[in-house]
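Right, one structure below, let's go through it.
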Amino acid sequence: MIEAIGNQYIVARPVYSTNTFGEEFKKTHRHHKTFLDHLKGCCSCSSQRAKKIALSLFPIASWLPAYKIKEWLLSDIVSGISTGLVAVLQGLAFALLVNIPPAYGLYAAFFPVITYFFLGTSRHISVGPFPVLSMMVGVVVTRVASGGDSAPELSSSSIENDSVIEERVMVAASVTVLSGIIQLLLGVLQIGFVVIYLSESLISGFTTAAAIHVLVSQLKFMLQLTVPAHSDPFSIFKVLESVFTQIHKTNIADLVTSVIILVVVFVVKEVNQRYRSKLPVPIPIELIMTVIATGISYGCNFEQRFGVAVVGNMSLGFQPPITPSVEVFQDTIGDSFGIAIVGFAVAFSVASVYSLKYDYPIDGNQELIALGVSNIFTGAFKGFAGSTALSRSGVQESTGGKTQVAGLLSAVIVLIVIVAIGFLLQPLQKSVLAALALGNLKGMLMQFAEIGRLWKKDKYDCLIWIMTFIFAIVLGLGLGLAASVAFQLLTIVFRTQFPKCSTLANVGRSNIYKNKKNYADVYEPEGVKIFRCPSPIYFANIGFFKQKLTDAVGFSPLRILRKRNKALKKIRKLQKRGLIQVTPKGFICTSDGFKDSDEELDNNQIEELDQPINTTDLPFELDWNADLPLNITVPKISLHSLILDFSAVSFLDISSMRGLKTILQEFIRIKVDVYIVGTDDEFIDKLTRCEFFDDEVTDSIFFLTIHDAVLHILMKKDYSTSKFNSSQEKEMKFDFTINTNGGLRNRECQVPVETKF
């Protein structure tokens with residue numbers, strides 16, 4: 001019964017152990033589905049299920065019939081044109097990161113938008129080239145194509161080795177197709193949850209490091225230097241070394257142009273950010289600077305006068321599809337998996353932001369399918385892997401985009417450039433594209449501010465960010481990602497392996513129990529210890545759990561047990577030799593020169609000392625907290641009850657289960673009652689299945705709450721006291737105090753009978 005009185009409440013109910021609660025409220029035995037049951041459910045089919053699957057595979061069938069033409073079409077047109085212009089420029093710029101001609105970036109900006117229009121669940125993201133993925137693909141291209149590090153740099157020269165370009169395009173396309181296949185398989189198998197292993201801190205640190213890689217990789221275009229390609233660990237430092245050793249060869253025209261472009265782009269982007277609420281649409285500064293730079297380069301003939309590197313030949317139309325290389329598949333499976341995971345993680349993160357903002361659902365598994373098909377389609381037509389660029393998606397959303405119709409219209413803009421006006425970009429300097437690529441890194445570079453914020457909030461997350469950044473910088477993006485995920489999982493293991501265990505006490509004389517170190521006014525029942533473990537218990541932390549529990553109670557139960565068994569052996573010898581006699585007034589003990597040693601008692605019989613204490617053969621009761629005969633000493637303990645708060649323990653494995661049972665047995669054998677509270681029914685069911693319980697450790701030790709266990713202990717102590725002395729007299733205990741002449745001095749210990757809470 002619960003009675004509310006103002007802002008307080010009074011609860012009146014019996015004290016429940018887990019067993020009594022289940023009996024009173026008729027706990028039912030549920031049938032949990034097995035893997036076979038789930039498999040049957042997945043294989044079963046009905047008309048409704050088939051319709052649901054079809055709608056989930058083609059989300060366009062859900063939102064397109066409800067499209068509001070009058071309200072949304074104009075906004076989508078404006079958004080599509082703006083996004084399309086940005087996509088063209090980013091496609092050209094990010095192709096440089098892949099180490100292939102810029103024209104192939106247009107294919108990467110066109111094909112994924114078409115497939116995502118039909119298969120994607122997000123209405124606002126713009127799929128296509130993403131600098132981090134482009135950089136990851138570029139690393140693979142550098143390593144695999146044309147002998148790896150010896151591969152020559154791309155140039156606009158007419159004598160450039162076409163076979164090298166074709167090989168690089170083949171590697172980029174094959175990696176893209178393989179990453180798409182991986183994404184498709186993950187989506188079909190419904191394991192999109194794999195992205196949860198990439199935390200926000202890890203993604204932030206990784207993308208920041210990738211931005212640094214992008215920055216370093218673009219220096220050769222901004223300065224027009226011939227820099228050997230590197231893909232091994234420490235490659236970023238080798239590239240920097242090569243750049244600085246050739247700094248005297250810098251093309252001043254490219255340097256000045258790129259610096260001007262960078263400054264203007266950063267300033268205008270800051271204006272767009274600061275006044276975004278007042279501007280009808282963001283200022284398309286990339287487009288404006290591209291048009292101006294192209295016109296100046298063409299009018300002043302920069303290529304001939306200053307020797308700048310330009311985009312060069314832009315063949316109109318599409319190239320025929322290609323068959324991916326199986327050999328490249330074999331060499332790049334690990335890289336492709338990393339590209340697939342990072343691409344999905346970035347796209348899903350951005351899509352989640354917009355889905356929450358505009359209140360519509362997205363499906364992670366369907367996003368994997370959509371991105372996988374998009375990458376397969378793009379790779380087949382000589383594009384490279386894509387995801388979503390934050391800046392491009394921001395343009396699509398901020399310019400009024402309502403649905404993926406805006407994305408489709410942006411693809412039309414890219415299509416026009418591919419088939420009709422691409423040749424107009426031929427005089428554009430590559431240094432301009434490099435500057436535009438760097439201009440889109442501002443958001444990622446600003447993530448350095450996360451370090452201070454994370455340090456204040458969570459030291460572990462801050463460490464993950466820093467180590468991820470270091471791994472990605474030093475080892476490269478592929479190995480760096482793998483090392484970062486491993487380190488992140490290691491921090492989780494570390495946190496559970498060394499949990500912050502605590503001793504609880506009652507606060508406010510109610511049913512609330514908190515860490516006794518955090519409060520001044522606490523109540524701890526005499527002889528009762530409440531110990532809390534805030535993590536799962538498994539093979540790696542069972543030893544730590546035992547040590548912390550030992551520290552909390554102040555003694556080792558195994559040591560006490562062995563000491564008592566040793567003492568019991570000595571007392572039995574005294575009793576057999578007639579050195580201890582029972583009288584109505586107590587016990588008479590004569591020493592008679594009795595000598596015994598620990599060495600004799602040990603005698604390689606450690607297992608015997610670990611067994612339960614059996615005093616049934618003695619004609620008297622032993623009080624282990626009293627003085628014992630002769631020189632027999634046993635540590636005295638005041639603890640009679642131990643409560644283990646397992647409300648935060650989600651599981652036990654087999655190894656820790658054995659260790660836990662050993663711990664419970666050690667306490668029980670020294671007459672310390674142990675109670676476990678806060679566990680759910682599945683926890684106890686697993687213990688039952690694993691034959692955890694026996695005559696010594698029973699399932700009656702489980703209680704619903706700490707307060708139930710405390711009240712049970714107090715009632716039990718009251719009952720045992722009243723049963724021992726029903727006339728309410730003081731309890732009498734005997735101490736063994738041995739005189740040199742063999743006499744026994746009987747000493748009464750006054751112990752008040754009181755149960756107060």
Side-chain angles (χ1 to χ4, degrees), residues 1-32 501-516 518-519 521-534 537 552 639-652 660 664 667-668 671-688 692-693 697-724 726 728 752-757:
M1 181 183 72
I2 302 177
E3 181 180 354
I5 304 176
N7 64 345
Q8 299 180 343
Y9 65 89
I10 299 175
V11 179
R13 66 169 177 82
V15 173
Y16 286 121
S17 68
T18 302
N19 288 342
T20 57
F21 185 83
E23 292 171 359
E24 181 170 339
F25 294 97
K26 298 179 176 59
K27 176 188 172 185
T28 59
H29 295 280
R30 296 169 51 201
H31 171 69
H32 296 278
C501 300
S502 57
T503 302
L504 308 185
N506 185 272
V507 180
R509 298 298 178 103
S510 62
N511 63 339
I512 299 174
Y513 293 83
K514 292 289 186 179
N515 189 337
K516 68 177 185 179
N518 296 338
Y519 298 88
D521 185 17
V522 296
Y523 167 70
E524 197 171 10
E526 184 180 356
V528 179
K529 189 70 69 175
I530 306 171
F531 182 78
R532 183 176 188 271
C533 179
I537 300 177
L639 184 71
H640 58 74
S641 300
L642 173 65
I643 300 175
L644 301 178
D645 181 9
F646 278 10
S647 56
V649 178
S650 56
F651 70 88
L652 285 172
L660 177 63
L664 298 183
F667 277 104
I668 292 172
K671 304 304 180 183
V672 175
D673 297 329
V674 183
Y675 304 93
I676 300 177
V677 302
T679 61
D680 55 20
D681 294 337
E682 285 73 17
F683 185 94
I684 302 175
D685 291 342
K686 181 178 180 179
L687 295 181
T688 304
F692 182 83
F693 303 111
V697 180
T698 65
D699 59 358
S700 62
I701 64 175
F702 290 90
F703 281 76
L704 295 185
T705 66
I706 299 176
H707 203 55
D708 283 298
V710 170
L711 294 178
H712 171 79
I713 293 169
L714 296 178
M715 290 188 297
K716 182 178 179 181
K717 297 302 291 182
D718 281 347
Y719 174 75
S720 61
T721 303
S722 61
K723 183 178 180 181
F724 178 80
S726 57
Q728 300 299 314
V753 180
E754 181 181 17
T755 305
K756 182 180 180 181
F757 188 68

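FYI, side chains are in, hydrogens and waters are out, and symmetry mates aren't considered; it's all heavy atoms of this structure.
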So, for [X] and [Y], which heavy atoms are closest and what is the spacing to 0.1 Å?
X	Y	result
Ala648	Cys533	CB-O, 3.9 Å
Arg532	Ser647	NE-OG, 4.2 Å
Lys529	Ala552	CE-O, 3.5 Å
Leu504	Ile706	CD1-CD1, 3.6 Å

Under the rule for side-chain hydrogen bond (donor to acceptor under 3.5 Å, both in side chains), what residues qualify as partners of [X], not counting sequence neighbours?
X	answer
Ser17	Thr20
Thr698	Ser700
Ser650	none
Asn19	Asp699

Checking Leu664, Ile530, Val649 against Leu644 for side-chain contact (heavy atoms from CB on, under 4.5 Å), the one that qualifies is Leu664

Intermediate values then yes/no, side-chain contact (heavy atoms from CB on, under 4.5 Å), Val677 and Thr705: CA-CA 5 Å; Val677 302; Thr705 66; 5.8 Å; no

Run the side-chain contact (heavy atoms from CB on, under 4.5 Å) test against [X] and tell me which residues pass, sequence neighbours left out.
X	value
Phe21	Tyr16, Phe25, Leu704
His712	Val15, Tyr675, Phe703, Lys716
Val507	Lys514, Tyr519, Val522

If the condition is salt bridge (Lys or Arg N to Asp or Glu O under 4.0 Å), which residues does Glu682 pass it with, not counting sequence neighbours? Arg30

Using the test salt bridge (Lys or Arg N to Asp or Glu O under 4.0 Å), find all partners of Asp680 that sit at least two apart in sequence or belong to another chain. none

First locate atom [atom1] of [X], then atom [atom2] of [Y], and finally report the distance between them rounded to the nearest 0.5 Å.
X	Y	atom1	atom2	result
Ser502	Asp645	OG	CG	8.0 Å
Thr679	Phe646	OG1	CZ	9.0 Å
Phe683	Ile676	CZ	CD1	6.5 Å
Leu652	Leu687	CG	CG	6.0 Å
Thr18	Glu23	OG1	CD	11.0 Å

Under the criterion side-chain contact (heavy atoms from CB on, under 4.5 Å), I'd like the reasoning laid out for Val710 against Asn506: C-alpha separation, chi angles, the key distance, then a yes or no. CA-CA 10 Å; Val710 170; Asn506 185 272; over 6 Å; no

Starting from the C-alpha separation in whole Å, work towards a yes-or-no answer on side-chain contact (heavy atoms from CB on, under 4.5 Å) for Thr503 and Glu524. CA-CA 10 Å; Thr503 302; Glu524 197 171 10; 4.0 Å; yes

Please indicate whether Asp521 has more than 12 foreign heavy atoms, meaning atoms of other residues, nucleotides or ligands, lying under 6.0 Å from its CG. no

State plainly whether the residues Asp673 and Lys717 are in salt-bridge range, i.e. N to O under 4.0 Å. no

